[in-house]
Amino acid sequence: MSLRLSRRTALFASGGAAALASSPSWARAAANDDASLIEAVDAYVKTAMAAWPDQPALGVAVVKDGQTILSRGYGVKVQGKPARADEHTLFAIASNSKNVTAAALAIMVDEGKVKWDEPVKTYLPGFKLSDPYITDHITVRDTLSHRAGFGLGAGDLLFWPNSDRTRAEVIAQAAFVPIEDGFRARYHYCNLMFVVAGAVLEAVSGLTWEDFIQTRILDKVGMTETVPLARLADPAKSALPHARVGPPLRTHGPMVQIANSIAEVWNWDSAAAAGGICTTTTDWAKWIAVRLNEGKLPDGSRLFSEETAREMYRPNIIVGNSAGPTAELPNRAIASTYAMGLQVQDYRGERIASHGGGSPGGISATVLIPGRKIGFSIFSNAEESFLLRSLRSGITDLCMGKGDFDWIADSKKIEAEGEAKSQAAAIEIDAKQRAGAPPAMPLDAYAGTWRDPWYGDITIVQKTEGRGRNRKTGLWLSFTHTPALQGWLEPYDGETFRTRFPDKREEDAFITFNIQTAKPATATVKGVSPDIDFSYDYQDLKLTRV
């Protein structure tokens, strides 16, 4: 884990802080009093935004007993511009899409077209992974449960950042992505297997993933504002992405707008089943109601059966465990698990089901408290992960009638500690480059085409740019399937070089070459920043000169 919270990491972890010395108005809500709960959540959101004043917009919805009791936008859709976010503003919800993909397959289970525990090869005969045993035995349930054996974020570079690969190409390349752990041995978050789950849905339904989601889920639930693919999100109706892009590193520096549309930085057509949906608080509240009502629609009909609804809550792999809550960690789970498209855990003695989502310039969360028939969502158009942490835990507490812990102060404390460590790490990274040894060989010896079995080709060429004092000659690196990952490759220390991508929205990487005989023959890669998002799975690349 990075020194700061990843925008895509589950955000229920907490650190120590003092309990509230006195309870402000938002801490005194009774969960059985709708008006008080609405007032408390609204006040809490405003207090949290004041604590993180760089946050442009938020969308928040609360559902209770099948009814939307709160659906509001806060702030502005674009930093520095007057257009306000409201309950009809579109946000990228990224991995919150996963429980929709699980529900789509649940519909197929109800229709007898899919079995949870049937091997994927039954539906995709040509499917292949690098381990023959896993290829033959991985089931539909496994693809939805992060227990296939892949490492954290394995294969994400096939579609993150925006890639030119199709879904079929992603599935084909999955055969070469390294598997680092035992089958069903441990939890490792894996978008790639949700892409496989989407392919199963397409094979058995005869529809594309997005057409199935649109016609069999969104239309039936009445989610008229939601789009299954980010490229369909109208920028004028969207909360546009914002982030900190340095200096000194990504996730540092001032908050800036990083795109003029969601799709500019989050076009996940090829991995839509893992994170493609954009929605509004109004529409997502309808989805929360369906999940809390175990698949029942407002007209009494069913989207999916009660049996499959309960099966989607059933834990399939342990995410983590502990001795349970303490005064300093009142929300710490005894057991956190992953079911199908939802994380299920105990929270203050009750069961909750939740998921987070993160895209460049946006993070989100969905929390369901089935025993209380309460659920809520938080949508954000910036990467203020500690703000989201405060809101997730704080609103959960309010829904439970709790007000004994100040999640805002706690999160600000942890954020400050992490920022200090990150700044020190950034200084050390730059200092090492200034003191680094020169490469052993002339720069042209490192030029060429370098191939990884699962990603494909990375090219390095000598390049001259500019004139006069601005003239620069050096190595230029290109990830051939990822347009944003192109830039200068600078000597760092000996046989280790570092990228300098002109697109500051992306994360730089170290590349270390291994010299054999007369020239470099292989190379390994890892991220520069200690705070790098795990979807930059550079560490899984094993490059060989072609």
Side-chain angles (χ1 to χ4, degrees), residues 1-20 95 98-99 144-147 149-153 180-182 184-190 312-358 363 365-372 374-376 378 385-418 421 530-531 534:
M1 178 175 288
S2 68
L3 296 173
R4 296 161 60 88
L5 283 177
S6 165
R7 62 183 182 276
R8 290 157 52 90
T9 300
L11 301 177
F12 274 103
S14 64
L20 291 172
S95 288
K98 287 180 169 64
N99 77 84
L144 299 169
S145 303
H146 304 303
R147 64 182 193 179
F150 290 95
L152 176 64
E180 71 172 39
D181 206 348
R184 300 175 184 160
R186 275 170 288 276
Y187 168 88
H188 299 283
Y189 196 88
C190 183
M312 285 188 284
Y313 281 136
R314 185 163 77 86
N316 292 320
I317 192 76
I318 295 172
V319 176
N321 65 91
S322 76
T326 66
E328 292 77 23
L329 303 167
N331 69 340
R332 189 170 67 166
I334 295 172
S336 176
T337 70
Y338 201 89
M340 288 189 282
L342 285 170
Q343 186 169 322
V344 179
Q345 67 184 81
D346 58 287
Y347 184 105
R348 291 182 179 264
E350 300 185 40
R351 182 182 66 157
I352 65 169
S354 66
H355 215 286
I363 47 181
T366 302
V367 177
L368 310 176
I369 313 174
R372 293 176 179 262
I374 295 177
F376 65 89
I378 308 156
S385 57
F386 288 92
L387 168 60
L388 192 73
R389 176 183 182 271
S390 298
L391 292 170
R392 284 184 64 163
S393 294
I395 296 175
T396 301
D397 282 0
L398 291 174
C399 289
M400 292 181 173
K402 309 288 186 181
D404 59 349
F405 198 85
D406 190 339
W407 291 107
I408 295 173
D410 187 52
S411 294
K412 293 297 288 187
K413 174 179 178 289
I414 300 171
E415 181 182 49
E417 292 169 351
K421 293 178 181 178
D531 301 326
F534 66 73

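Atom set for the values below is all heavy atoms of this structure, side chains included, hydrogens, waters and symmetry mates excluded.
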Exercise. Is the backbone of Met340 close enough, under 3.5 Å, to the side chain of Ser145 for a donor and an acceptor to pair up by distance?
Worked result: no
For this session: Determine, for Lys421 against Glu417, whether the closest basic-nitrogen to carboxylate-oxygen distance falls under 4.0 angstrom.
Result: no
Exercise. Has the side chain of Asn321 got a donor or acceptor atom that lies under 3.5 Å from a matching backbone atom of Ile334?
Worked result: no
Seminar exercise, completed: Hits for side-chain hydrogen bond (donor to acceptor under 3.5 Å, both in side chains) against Ser336, two or more places apart or cross-chain, chain-then-number order -> Gln343
Exercise. When Tyr338 is tested against each of His355, Gln345, Arg147 for side chain to side chain donor-acceptor pair (under 3.5 Å), which residue passes?
Worked result: His355
For this session: Output all residues satisfying salt bridge (Lys or Arg N to Asp or Glu O under 4.0 Å) with Arg184, sequence neighbours left out; order by chain, then residue number.
Result: Asp142
Seminar exercise, completed: Note: Val344 and Ala353 closest approach over all heavy atoms is CG2-CB, 4.2 Å
For this session: Mind running side-chain contact (heavy atoms from CB on, under 4.5 Å) on Trp407 and Asn331 for me, showing each step along the way?
Result: CA-CA 11 Å; Trp407 291 107; Asn331 69 340; 3.3 Å; yes
Exercise. Should Asp410 and Asp406 count as side-chain neighbours, where that means a heavy-atom distance under 4.5 Å?
Worked result: no
For this session: Spell out, as yes or no, whether a donor-acceptor pair under 3.5 Å connects the side chain of His146 to the backbone of Cys190.
Result: yes
Problem set entry | Flag side-chain contact, heavy atom, 4.5 Å: Leu342 against Met312 | no
Exercise. What pairs of residues pass the salt bridge (Lys or Arg N to Asp or Glu O under 4.0 Å) test when at least one of them lies in residues 340-349, not counting sequence neighbours?
Worked result: Arg348-Asp397, Arg348-Asp404
Problem set entry | Partner residues of Glu350 under the salt bridge (Lys or Arg N to Asp or Glu O under 4.0 Å) criterion, sequence neighbours left out | Arg372
Problem set entry | Qualifying residues under side-chain hydrogen bond (donor to acceptor under 3.5 Å, both in side chains), relative to Asp181, sequence neighbours excluded | Arg186, His188
Problem set entry | With sequence neighbours excluded, residues passing salt bridge (Lys or Arg N to Asp or Glu O under 4.0 Å) with Arg351 | none
Exercise. Any sub-3.5 Å donor-acceptor pair from Ser95's side-chain atoms to Gly356's backbone N or O?
Worked result: no
For this session: Find the distance between CD1 (Ile352) and CZ (Arg392) and round it off to the nearest 0.5 Å.
Result: 7.5 Å
